[in-house]
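In this text the structure is predicted, and so the values were computed from the model without any measurement. FYI, side chains are in, hydrogens and waters are out, and symmetry mates aren't considered; it's all heavy atoms of this structure.
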2 protein chains.
Amino acid sequence: MISKFYKDMTGKESVIRQFFDYSRQRAAELGPDSVYNFSIGNPSVPAPDEFGKAIIDLVENGDPVSLHGYSPTLGLNSTKQAIADSLNKRFGMNYEAQHIFPTSGAAGALAHALRCVAGEGEVVITFAPYFPEYIPYVTGTGAELRVVPADITSFQINFEKFEEAMSKDVAAVLINSPNNPSGVVYTTETIQRLADILRKKEAEYGHEIFLITDEPYREIVFSGVDSPFVSKFYDNSICCYSYSKSISVPGERIGYMAVNPKAKDAEFLVPMAGQVSRFTGHNCPTALMQLAIEKVVDMTSDLSIYEKNAELLYNALTEIGYKCVKPLGTFYMFPQSPIPDANEFCWKAAKELGLIIVPGDSFECPGHFRISYCVPTELIEKAIPLFKAAYEMYQ
Amino acid sequence: MISKFYKDMTGKESVIRQFFDYSRQRAAELGPDSVYNFSIGNPSVPAPDEFGKAIIDLVENGDPVSLHGYSPTLGLNSTKQAIADSLNKRFGMNYEAQHIFPTSGAAGALAHALRCVAGEGEVVITFAPYFPEYIPYVTGTGAELRVVPADITSFQINFEKFEEAMSKDVAAVLINSPNNPSGVVYTTETIQRLADILRKKEAEYGHEIFLITDEPYREIVFSGVDSPFVSKFYDNSICCYSYSKSISVPGERIGYMAVNPKAKDAEFLVPMAGQVSRFTGHNCPTALMQLAIEKVVDMTSDLSIYEKNAELLYNALTEIGYKCVKPLGTFYMFPQSPIPDANEFCWKAAKELGLIIVPGDSFECPGHFRISYCVPTELIEKAIPLFKAAYEMYQ
């Protein structure tokens, strides 16, 4: 029968979506100049030229029957090998093609990785603030999502609360660094400590605990910031990646799951993901995108604008008086709201000033708001007086 | 923990896959000319030139940020409208853009449609012979797949067995016409009778029963054959389509789910599919493929070779002595095995003659074998003496 579960979900739009929709409505009513939209994480810089050139070259010179033909269930071997080679070269890993499973972006990678290592009656732990779609990704496996409260002084891990949250039924821990929404990058110390605790708990519980790393912002790290490759620190790990942000192709749904070659059952996890696909109807990403990515595997878009925007905005906000943990990567920052109710603050900023920012409640971190600064720098310059006005509404 | 369910599934390759793998192994050992591979359904004719041209045009002339940007969750409106217009024009339907949900091929469409209308404790009925992937598509929803035995005289529906199979917990019926593996097309009479029974049972059970139609072969119907558009006959229906076969792009994972505008809750079903996506990590098909399809929505590849091959092979086989229901579309036919054990027959044909065909057991229709004749016509001409030799092994 028509699923009550999914039907009840329709029409209940996420808060982020409500703000985004309000921005469109306001632009329609008052004109586009009345809106300063910092609500969504759509890359604002183009893909490297080589990406478009690779597509054109494939279509112009490939045999159409084989070019557009079925990809093998576990992905095109040449693409898998290119991804493995790139990771090995950059991070000193030992991936082979068999450890790489191309997916429809990080969403596909996470949905597959989580189903491989967690299910009914088990728990997946994540850390606030976190991307709200982790809820369906995790509950879709049958497992329960358990959230460790944020350390709002640094947005590193709140280890005390983490240890309290651990229990024998924890099958996996899901992290996101560089982080949406905080913009923070986990330090080597954070990752080392997390790995040590997980190894200790694996021994105590007598079963593996997988570390699933959501890394779509891996390439967006600012100058001088060290961004350790998490899988180097912990064997039972699966890295979930998307090219959406690094080469600005979020609509093309291309990413991968990379199984740590040292993980328990490493040789089974990609074939298992292939089995998961049969149940979800996911199949591979498109053959064309797999082949195009292979040609640009070591490239990124010109990501420098995000750092420039971060610096400009962070300096302005802290000068105004906002408290904010300094972003070290991504294109987000996550300041404290001038009043405890960030939801009220964000709606007031939207309606009175046209400043579209989203409350931290969606990320299970109330009292904060997220700014997505993947926008032209001029928009930030124009918006700074509005951030000031928003702050002053409550002084 | 590492999923026992998915792990146990790895390494147990489907019988079709085993035959395909044997064909590759034999080709490697004895040379490609020693293999006559009729095991898989990969289109053998190229996509229309306009498809490649559309891709090149989009990449050359589009703004890369918006071209490769996120598609809306429920698909690009222009693509949805183009698909609706095409269906309305061809089949006299009244689809609006809101009834169309672009998906990653028919697999994605079926996985979404089934989750919208069936779940735990419910039953989905299908008819042998059927595509083996229906098992994970259906069980992935939590529902049970119940199979009605084949009517081997015509491969239309065995209505007596169908009525016996009906029960109050049946949430949906899943059909595939033109059919893989039989090559048969359901007649108007078959569809009308099916629809009448479903309406009667809806009234009797007091709940809707959805008809899910798997239609990737809709465009491959031979001269003079009437192929009715199933959704015209039954309101509570969802049409699941893929461009894989009609324009020969199975690797590009593009298709759609079209909700009958007259269905119960028609306005909810596409938004519900959008919610399903969040749990499976499917998201939309790629933006580029949605936009490219929009340009070729009424085209097909030159599909005439399939009919030519069908006629040549069907005439030859029946002359040899095989019993076979005449294929009316697709690129499959499904003759009776000369011995009851089609598995034995197919392995013997493979190993002694290099003739790669697959046993009907996989399609829950033993005693038959499937021939995929999406191959060059010369391969069929060369293989006819082998089909004769295979037949004569058992006379």
Side-chain angles (χ1 to χ4, degrees), chain A residues 1-3 6-7 9-11 42-47 52 55-56 59-60 64-65 68-71 104-105 107-108 110-112 115-117 119 122 133 136-137 139-140 171 207-208 248-253 264-265 268 271-272 275-276 278-289, chain B residues 1-3 6-7 9-11 42-47 52 55-56 59-60 64-65 68-71 104-105 107-108 110-112 115-117 119 122 133 136-137 139-140 171 207-208 248-253 264-265 268 271-272 275-276 278-289:
Chain A
M1 259 94 81
I2 289 174
S3 163
Y6 292 118
K7 189 176 170 190
M9 235 172 242
T10 64
N42 247 335
S44 60
V45 292
I55 293 174
I56 291 171
V59 174
E60 276 181 347
V65 172
H68 302 304
Y70 280 112
S71 153
S104 296
L110 289 165
H112 281 81
R115 278 171 176 76
C116 288
V117 301
E122 297 180 331
E133 291 303 290
Y137 298 161
T139 57
H207 64 75
E208 64 277 4
S248 300
V249 294
E252 307 305 1
R253 314 307 309 137
K264 170 94 158 54
D265 282 342
F268 288 106
M272 284 169 66
Q275 295 295 335
V276 170
R278 300 173 60 200
F279 291 80
T280 59
H282 167 280
N283 296 85
C284 276
T286 66
L288 189 62
M289 287 305 152
Chain B
M1 260 95 80
I2 289 173
S3 164
Y6 293 118
K7 189 176 170 190
M9 235 174 241
T10 63
N42 247 335
S44 59
V45 292
I55 293 174
I56 292 171
V59 174
E60 275 181 347
V65 172
H68 302 304
Y70 281 113
S71 154
S104 296
L110 289 166
H112 282 81
R115 278 172 176 75
C116 287
V117 300
E122 298 180 330
E133 291 304 289
Y137 297 161
T139 58
H207 64 74
E208 64 279 3
S248 300
V249 295
E252 305 306 1
R253 315 306 309 138
K264 170 96 158 51
D265 282 342
F268 288 105
M272 284 168 66
Q275 295 294 335
V276 170
R278 301 172 60 201
F279 291 79
T280 59
H282 167 278
N283 296 88
C284 276
T286 65
L288 189 62
M289 288 304 152

### Task
Heavy atoms only: give me the nearest His68(A)-Ser248(B) pair and the separation to one decimal.
CB-O, 3.9 Å
### Message
Less than 4.5 Å to any heavy atom of chain B: does that hold for the side chain of Glu122(A), its backbone, both, or neither?
### Response
side chain
### Task
Go through Gly108(A), Gly69(A), Ser71(A) and name the one with the most non-hydrogen pairs under 4.5 angstrom from chain B.
Gly69(A)
## Note on the structure
Closest non-hydrogen atoms of Ala47(A) and Pro64(B), given as atom of the first, atom of the second and distance, are N-CB, 4.4 Å
### Task
Could you pull out the closest heavy-atom pair between Lys7(B) and Asp265(A), with the gap in Å?
NZ-OD2, 2.9 Å
### Query
If you count heavy-atom pairs under 4.5 Å with chain B, which of Gly281(A), Pro285(A), Pro271(A), Gly251(A) comes out on top?
Gly251(A)
### Task
Between chain A and each of Leu110(B), Val45(B), Val65(B), count heavy-atom pairs under 4.5 Å; write down the option with the most.
Val65(B)
### Message
Please find the pair of heavy atoms, one from Phe279(A) and one from Arg115(B), that lie closest to each other, and give the distance.
### Response
O-NH2, 2.8 Å
### Closest heavy-atom pair and its distance - Ile55(A), Leu288(B)
CD1-CD2, 4.0 Å
### Query
Given the options Glu208(A), Glu252(A), Arg253(A), which has more heavy-atom pairs under 4.5 Å with chain B than any of the others?
Glu252(A)
### Task
Name the region of His282(B), side chain, backbone, both or neither, that has any atom closer than 4.5 Å to a heavy atom of chain A.
both
### Distance in Å, Met272(A) CE paired with Thr10(B) OG1, rounded so as to fall on 0.5 Å steps
7.5 Å
### Query
Pick from Ala107(A), Gly105(A), Pro250(A): which one has the most heavy-atom pairs with chain B under 4.5 Å?
Pro250(A)
### Task
Of all the heavy-atom pairs spanning Met1(A) and Ala171(B), show the shortest one and how long it is.
N-CB, 3.1 Å
### Query
Looking at residues at least two apart in the chain, or sitting in another chain, which of them share a side-chain hydrogen bond (donor to acceptor under 3.5 Å, both in side chains) with Gln275(B)?
Arg278(B)
### Query
With chain B, which of Gly140(A), Ser3(A), Ala111(A) has the greatest number of heavy-atom pairs at distances under 4.5 Å?
Ser3(A)
